[in-house]
Amino acid sequence: MSTHKEIKKITTHTLHKMKEQGEKIAMITAYDYSFARLFDAVGIDVILVGDSASNVMAGHETTLPITLDQMIYHAASVIRAVTRSLVVVDLPFGTYQSNPKEALASAIRIMKETGAHAIKLEGGSEVVESVKKIVAAGIPVMGHLGLTPQSIYQFGTYNVRAKEEAEATKLKTDALLLQEAGCFGIVLEKIPAELAAAVSKSLHIPTIGIGAGSECNGQVLVMHDLLGINNTFKPRFLRQYLNLEELVSNAVKQYISDVKSVDFPNQSEQY
Ligand code: KIV
């Protein structure tokens with residue numbers, strides 16, 4: 001299958017074409033220069049500077065504490081590494097929910113201070129006016145429906161969302177509203193595969209799934225989960241491609257041992 005690897009820069013238009021042509025979109029999170037450089041170099045389509053940085057970079061229990069300044073720091077680091085991927089940055093909790101004017105101001109700060117290509121925000125009908133305002137300013141917006149972690153205290157758990165008819169119906173309506181408002185794509189997190197498939201078919205913009213089955217137009221994973229940096233997190237939807245926790249632990253244990261035994265540095269490792 002041909003891919004868009006040969007394309008110089010991925011844009012929101014590239015993603016639309018990929019959906020039209022049936023090519024799946026591969027998206028991963030990144031929060032720093034070094035990993036973003038590796039992901040961009042191997043042909044990842046989209047890099048998400050997710051507010052999951054709050055969990056995996058800062059060690060918070062939820063995504064709520066991370067600030068706009070902190071997201072800008074992560075996003076600017078990622079952007080310095082990227083030559084080809086589309087970089088999307090999360091608007092953190094508390095920087096867009098009050099009103100569309102606040103949402104636009106936050107989105108503008110991200111675009112101006114990081115050089116990112118798009119922003120993402122969580123929610124459906126509640127954020128539609130904000131999406132319209134941001135899009136009208138020329139900023140591409142990605143939506144996020146289903147399990148929206150910024151609402152964790154309302155949900156109470158990280159369980160699968162929209163299993164009941166009423167929530168599934170609202171999600172379908174919200175997806176159409178976000179598309180009408182100008183979103184270029186929507187993340188669908190932890191919803192039944194059948195519902196995600198129906199939503200994906202009903203839209204002309206691409207859907208990117210995480211725990212939402214194979215019928216989404218693309219997939220996203222948090223880099224720490226995909227690389228196995230924390231082996232205690234193993235949700236059903238995750239495919240772990242590496243056991244980095246084990247590899248790093250073994251490497252650093254060996255280093256400690258080599259330092260203690262004066263095996264390191266040896267003759268060829270000194271001046
Ligand atoms: O913040 C994040 O990493 C995300 C993904 C889980 C989609 O929003």
Side-chain angles (χ1 to χ4, degrees), residues 15 24-32 35-36 39 44-68 70-75 77-78 85-97 106-107 110 114 116-124 127 131 140-152 155 157-162 171 175 178 183-191 196 199-200 205-213 216-227 229-230 233-240:
L15 302 187
K24 297 284 188 183
I25 298 162
M27 172 161 150
I28 191 170
T29 67
Y31 318 94
D32 70 358
F35 276 108
F39 302 156
I44 200 80
D45 298 311
V46 185
I47 294 180
L48 171 66
V49 185
D51 59 355
S52 49
S54 182
N55 310 109
V56 296
M57 300 303 288
H60 293 296
E61 210 174 300
T62 73
T63 58
L64 276 67
I66 200 159
T67 66
L68 190 55
Q70 288 164 341
M71 287 302 296
I72 286 171
Y73 169 80
H74 287 297
S77 308
V78 165
S85 310
L86 182 84
V87 178
V88 182
V89 182
D90 265 336
L91 285 188
F93 176 70
T95 67
Y96 63 96
Q97 288 91 347
S106 303
I110 288 189
T114 73
H117 311 130
I119 63 96
K120 174 166 85 59
L121 44 71
E122 296 182 5
V127 295
V131 171
V141 178
M142 178 171 254
H144 185 157
L145 295 171
L147 176 64
T148 45
Q150 292 178 14
S151 303
I152 186 59
F155 297 152
T157 73
Y158 285 99
N159 291 346
V160 177
R161 302 302 310 177
L171 192 143
L178 289 174
C183 279
F184 71 87
I186 302 178
V187 167
L188 299 176
E189 181 164 353
K190 245 181 156 182
I191 61 170
V199 171
S200 303
I205 58 172
T207 58
I208 311 288
I210 173 163
C216 293
N217 306 113
Q219 300 293 326
V220 58
L221 284 175
V222 169
M223 58 159 279
H224 290 63
D225 304 340
L226 180 156
L227 298 176
I229 293 178
N230 174 3
F233 185 66
K234 291 200 170 175
R236 178 189 167 115
F237 68 77
L238 174 63
R239 185 176 296 180
Q240 194 182 305

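Residues take their numbers from the sequence shown, with the count starting at 1. Every number for a ligand or one of its atoms is a count from 1 in the order of the listing. Everything numeric in this text was worked out from a predicted model, so none of it was measured.
Phe35 and His224 have their aromatic ring centers separated by at least 6.0 angstrom.
Within the structure, the closest approach of His144 to ligand 1 falls below 4.0 Å when heavy atoms are considered. Assignment of Glu122 to the shell around ligand 1 is not supported, since no heavy atom sits closer than 4.0 Å.
In this structure, the side chain of Thr67 engages the main chain of Gln70 through a donor-acceptor pair within 3.5 Å. Between the side chain of Asp45 and the main chain of Met27, no donor-acceptor pair closer than 3.5 Å is present.
Separation of atoms CZ (Phe237) and CD (Glu189) is listed at 6.5 Å; rounding is to 0.5 Å. To the nearest 0.5 Å, the span separating CD1 on Ile110 from OG1 on Thr95 amounts to 6.5 Å.
Partner of Glu122 under the side-chain contact (heavy atoms from CB on, under 4.5 Å) criterion, chosen from Leu91, Asp51, Leu147, Val187: Asp51. The residue from Leu15, Ile47, Ile25, Ile44 that alone fulfils the side-chain contact (heavy atoms from CB on, under 4.5 Å) condition with Leu86 is Leu15.
Counting atoms of ligand 1 from 1 in the listed order, those under 4.0 Å from a heavy atom of Asp90 are 1 (O), 2 (C), 8 (O). Within the listing of ligand 1, atoms 1 (O), 2 (C), 3 (O) sit less than 4.0 angstrom from a heavy atom of Gly50. Counting atoms of ligand 1 from 1 in the listed order, those under 4.0 Å from a heavy atom of Val222 are 3 (O). Atoms of ligand 1 found under 4.0 Å from any heavy atom of Asp51 (numbered from 1 in listed order, with element): 1 (O).
His60 and Asn55 get closest at one heavy-atom pair: O-ND2, 3.2 Å.
At the shortest separation from atom 8 (O) of ligand 1 among protein heavy atoms lies Lys120 NZ, 2.9 Å. The shortest contact between atom 7 (C) of ligand 1 and any protein heavy atom is with Leu48 CD2, 3.8 Å. At the shortest separation from atom 6 (C) of ligand 1 among protein heavy atoms lies Ile210 CD1, 3.8 Å.
Among the atoms of Ser52, some N or O lies under 3.5 angstrom from an N or O of ligand 1. When only interatomic distances are considered, the shortest N/O to N/O separation between Thr29 and ligand 1 does not fall below 3.5 Å.
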